[in-house]
Trainee: 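Provided herewith is a single structure, encoded as structure tokens, for subsequent inquiry.
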Amino acid sequence: MKIQDKHYHTIWIKEGNNKIIQVIDQRKLPFQFEIFDIETVEDAFFSIKEMVVRGAPLIGVTAAYGMYVALLNFEGDDVGKYIIERAEYLKSSRPTAVNLAFAVDEMVEFILKEKLNIDLIQLTLEKTNSLKEEEITFGDKIGEFGFEIIKNIYKKKGETVNILTHCNAGWLACIDWGTATAPIYKAHLYGIPIHVWVDETRPRNQGARLTAFELGEENVPHTVIPDNTGGHLMQHGMVDVVIVGSDRTTITGDVANKIGTYLKALAAKDNNVPFYVALPSSTFDWKIEDGISGIPIEQRDPTEVSEIEGWDGGKVQTVRLVPEKSKVANYGFDVTPARLVTGLITERGVCEANKKSILKLFPEKI
Ligand code: MRU
């Protein structure tokens, strides 16, 4: 997708130097556009943990490139042992997005299989590139399937379709297109009039800072709202559909996503507003049955809540919001039970949020 009319992916190999991986530094957006270099597995760990990169699909692909740079820097005689150890280190960077473990495990399996091949480094790079390309294709397909949902609402309504989204499940969270935003971009591209309600998404404000930024760069009409506004809008018929992303979805259809998603799903249910979750297959956890007890929920630094960061017109400033003496809790994600989810939009089509329907789309996982 575009930034100032130039097409970008969120991650790429540096031109002329395939030992350096470059990413857009999302800590600085929308105020500053900066590129961050990943040359070591420690750089990859830092970029995931500190949210230079974020969003489940991008975390997965960054981790895959992290394994590639780990291999580049290998010195010693037991590459297998080294790779397994670096994989565990990378996987410990953030707990909730399952794409991280998915991508790292896939890379470990590949490297162990090819470890005696003299072209191991080149083959590993190609494998990583193919994971990246796969995520782009997933976003594109999710966009096409999700577009049909928006088109059908438009056919019935005959006027602008209002879509509410939470957090940033946009192209910045992926490589291109996004998950929740892919149907939005397709609808805009194919001429359906749409308007997006963007939850600001405290505490890190991924909605206000990132989703609003990317929709703006693509000229998609949108309005940023405080997180608590969605229920009111739904009661007044101002939301036609909710589309969110996911960081991990169980085989039974329970959805972990950015904190606050569950409350949107409750409000949507109470107001008969369809609530869809857009996700690639790399975000399914095929092992966990119960999302609430089974999905690990990240708790982040309390200063993300007690302080707020913004642009003062010349530089980024951080100010305190909460009294010094007050305790602060910062749960990064919550789980929306499958019963509140109208449907899952995947790269293979739309299914119901239950095991039978999910496995019908992904029979190889039975
Ligand atoms: O903590 P983040 O910014 O990495 O959060 C992840 C997300 O971007 C959201 O939860 C998103 O809705 C799902 S990822 C496509």
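As a basis for the values below, the full set of heavy atoms in this structure was taken, side chains included, without hydrogen atoms, waters or symmetry mates. In each ligand, atom 1 is the first atom listed, and ligand 1 is the first ligand listed.
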Trainee: Which residue owns the protein heavy atom closest to atom 6 (C) of ligand 1, what's the atom, and how far is it?
Mentor: D247 OD1, 3.0 Å

Trainee: Looking at Y154 versus Y190, is the centre-to-centre ring distance below 6.0 Å?
Mentor: no

Trainee: Please say whether more than 12 non-hydrogen atoms of neighbouring residues, nucleotides or ligands are located less than 6.0 Å from NZ in K49.
Mentor: no

Trainee: For residues W286 and F362, establish whether the separation of their ring centroids is below 6.0 Å.
Mentor: yes

Trainee: Strictly under 4.0 Å, does any heavy atom of S246 approach an atom of ligand 1?
Mentor: yes

Trainee: Check whether any heavy atom of N168 sits under 4.0 Å from an atom of ligand 1.
Mentor: yes

Trainee: Give a yes or no on whether a salt bridge exists between D227 and R202, defined as a side-chain N under 4.0 angstrom from a carboxylate O.
Mentor: no

Trainee: I want to know if ligand 1 touches K258 in the polar sense, i.e. an N/O pair below 3.5 angstrom.
Mentor: yes

Trainee: Does a salt bridge link E309 with R27, judged by any charged N lying under 4.0 Å from a carboxylate O?
Mentor: no

Trainee: For ligand 1, which atoms sit closer than 4.0 Å to a heavy atom of T179?
Mentor: 15 (C)

Trainee: Exactly one of R204, R94, K258 should register a salt bridge (Lys or Arg N to Asp or Glu O under 4.0 Å) with E298. Which one does?
Mentor: R94

Trainee: Tell me, yes or no, whether the heavy-atom count around E126 atom CD, taken from other residues, nucleotides or ligands under 6.0 Å, exceeds 12.
Mentor: yes

Trainee: In ligand 1, which numbered atoms sit nearer than 4.0 Å to a non-hydrogen atom of N257?
Mentor: 9 (C), 10 (O), 11 (C), 12 (O), 13 (C)

Trainee: Answer yes or no: are there more than 12 heavy-atom neighbours, outside E364 itself, under 6.0 Å from its atom CD?
Mentor: yes

Trainee: For atom 8 (O) of ligand 1, grab the closest protein heavy atom and report residue, atom and distance to one decimal in Å.
Mentor: R54 NH2, 2.6 Å

Trainee: Regarding atom 2 (P) of ligand 1: of the candidates E298, R94, R204, which has the closest heavy atom?
Mentor: R94

Trainee: I need the nearest protein heavy-atom contact for atom 14 (S) of ligand 1: residue, atom name and distance, please.
Mentor: A56 N, 3.3 Å

Trainee: Does K186 pair with D140 as a salt bridge, N-O distance under 4.0 Å?
Mentor: yes

Trainee: Going by the atom numbers of ligand 1, which of them fall below 4.0 Å from some non-hydrogen atom of Q206?
Mentor: 1 (O), 2 (P), 3 (O)

Trainee: Quick check on contacts: which atoms of ligand 1 are under 4.0 angstrom from a heavy atom of C167?
Mentor: 7 (C), 8 (O), 9 (C), 10 (O), 12 (O)

Trainee: Any nitrogen or oxygen of G55, side chain or backbone, less than 3.5 Å from one on ligand 1?
Mentor: yes

Trainee: Under a 4.0 angstrom heavy-atom cut-off, which atoms of ligand 1 come close to P57?
Mentor: 15 (C)

